[in-house]
Number of protein chains: 2
Amino acid sequence: MSSKPLRADARRNRAKILDAAGEVFAERGVAASTEEVAARAGVAIGTVFRHFPTKQDLLGAILKDLLADLTSAGDTDLFAFFTRVVTAAAEKKVVVELLAREGVAVGVEGPVAALGDTVDRLLAAAREAGAVRADVRLDEVLALLTATAQGALWGGWPADLRERVLARVFAGLVA
Amino acid sequence: MSSKPLRADARRNRAKILDAAGEVFAERGVAASTEEVAARAGVAIGTVFRHFPTKQDLLGAILKDLLADLTSAGDTDLFAFFTRVVTAAAEKKVVVELLAREGVAVGVEGPVAALGDTVDRLLAAAREAGAVRADVRLDEVLALLTATAQGALWGGWPADLRERVLARVFAGLVA
DNA sequence: TACTATCATGAGTGGAGGCTCACTTTGTCA
DNA sequence: TGACAAAGTGAGCCTCCACTCATGATAGTA
């Protein structure tokens with residue numbers, strides 16, 4: 001997979017670029033310019049394009065990281081996981097935008113699939129425990145998850161509204 | 001309010017532009033170019049800008065029309081109205097985009113407020129009839145409405161998934 | 001230290017899209 | 001029908017942004 005180990009300065013810059021991109025895209029969404037990412041990382045624009053040949057590649061890389069963070073934690077409760085994803089999404093424009101629109105197209109099927117797997121696993125456990133109705137399907141839960149995440153982000157819901165909305169959504173799923 | 005009556009050709013072109021803009025923005029979203037609207041309307045770009053000095057003005061005008069359509073119908077059932085809005089939104093990118101992001105900023109507070117009023121009225125009636133829990137608040141319903149509409153649009157939900165998701169949302173609201 | 005492959009730099013390119021304006025066309029009305 | 005104000009036209013301006021490349025710097029190695 002990886003060819004040669006990167007030179008020390010290259011490795012440093014790559015990390016700085018990923019950090020900066022994470023911040024910039026979280027704040028401004030995918031519309032943020034590569035120029036701004038370079039500026040925040042303290043490198044020239046050419047350096048960004050050396051490491052990530054297109055903007056899509058850069059977006060794909062940070063989405064992969066963010067989804068890995070979300071999925072890695074050893075969640076055991078469907079509702080807690082749901083809440084965590086929606087809360088995180090509300091603060092990261094880019095996650096919602098990419099998942100909603102271009103997610104499948106930036107070459108991160110792996111991480112996206114992992115998120116689906118996590119929900120699948122938690123849903124099965126919740127069903128087993130009688131915490132959700134028996135007829136709740138995976139696609140419904142994923143649909144509700146992305147919808148709620150989008151609403152929270154674009155609607156700029158305050159924390160208390162977010163909690164109340166989540167409570168309503170959960171109420172529709174419990175037995 | 002209105003200064004002078006428009007010349008016949010101006011009135012015709014204005015209507016053609018609004019029709020074309022409605023189609024183009026519904027299909028391609030707010031990112032569609034004014035050039036494309038002009039082409040579909042069969043007028044020069046300058047004519048579009050004569051009638052609507054900025055793209056925002058054009059978007060505001062069609063959003064106003066679309067919201068008026070949604071709100072005007074004499075709905076009496078909250079859930080039926082909810083379903084109608086989500087279904088309509090799923091086919092009109094521009095409605096969701098504008099409501100979610102720039103809606104309040106394009107000078108259409110009137111129509112947006114009217115939509116809120118409609119939901120308010122229907123919610124009160126539903127509460128009266130015991131069709132929803134007594135503690136359901138207006139902001140929650142509006143949040144769920146926009147979230148579901150966004151999910152339906154960006155998620156590209158098929159009709160049956162949309163129905164099942166709506167059923168779950170409604171289940172969370174009923175007594 | 002000297003050498004070189006790797007990396008960084010940033011002005012520049014090309015294309016897209018909002019918007020303008022000098023000029024032409026046309027509806028309206030006396 | 002003639003005259004004029006209103007409306008239409010579209011080449012072009014300007015800004016923004018993804019992306020390139022010739023040139024200069026530097027880390028790793030002998």
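Only a predicted model underlies this, so the values are computations on that prediction, with no experimental measurement involved. Letters A, B, ... are given to chains in the order of the sequence lines, protein chains preceding strands, and every chain is numbered from 1.
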Send over the distance from [X] [atom1] to [N] [atom2], rounded to a whole Å.
| X | N | atom1 | atom2 | answer |
| --- | --- | --- | --- | --- |
| A:L59 | D:dA18 | CG | P | 9 Å |
| A:F25 | D:dC17 | CZ | C1' | 12 Å |
| B:F52 | D:dA7 | CZ | C1' | 14 Å |
| A:K4 | D:dT29 | NZ | P | 11 Å |
| B:R50 | C:dC23 | CZ | P | 16 Å |

Presence of B:H51 side-chain N/O under 4.0 Å of D:dG8 phosphate oxygens OP1/OP2: yes
Phosphate OP1/OP2 of D:dG8: any B:N13 side-chain N/O under 4.0 Å: yes
Note, A:L144 side chain near B:V169 side chain (heavy atom, < 4.5 Å): yes
Heavy-atom side-chain proximity of A:T146 to B:W154 below 4.5 angstrom: no
Sugar-phosphate or base contact per nucleotide [nucleotides 16-21 of chain C; S, B, -; heavy atom under 4.0 Å]: --SBB-
Thinking salt bridges, do [X] and [Y] make one under a 4.0 Å N-O criterion?
| X | Y | value |
| --- | --- | --- |
| B:D160 | B:R164 | yes |
| B:K93 | B:E27 | no |
| A:R40 | A:D19 | no |

Flag, side chain of A:R133 to backbone of A:V174, donor-acceptor distance under 3.5 Å: yes
Single-linkage hydrophobic cluster B:F170~B:V119, side-chain heavy atoms < 4.5 angstrom: yes
Minimum-distance pair of heavy atoms, taken over all atoms of B:Q150 and A:G151: NE2-CA, 4.0 Å
Under 3.5 Å, which N/O atoms of the protein pair with N/O atoms of nucleotides 27-30 of chain C?
residue : atom : partner : partner atom : Å
C:dG27  : O4'  : B:R7    : NE           : 3.2
C:dT28  : OP1  : B:A8    : N            : 3.2

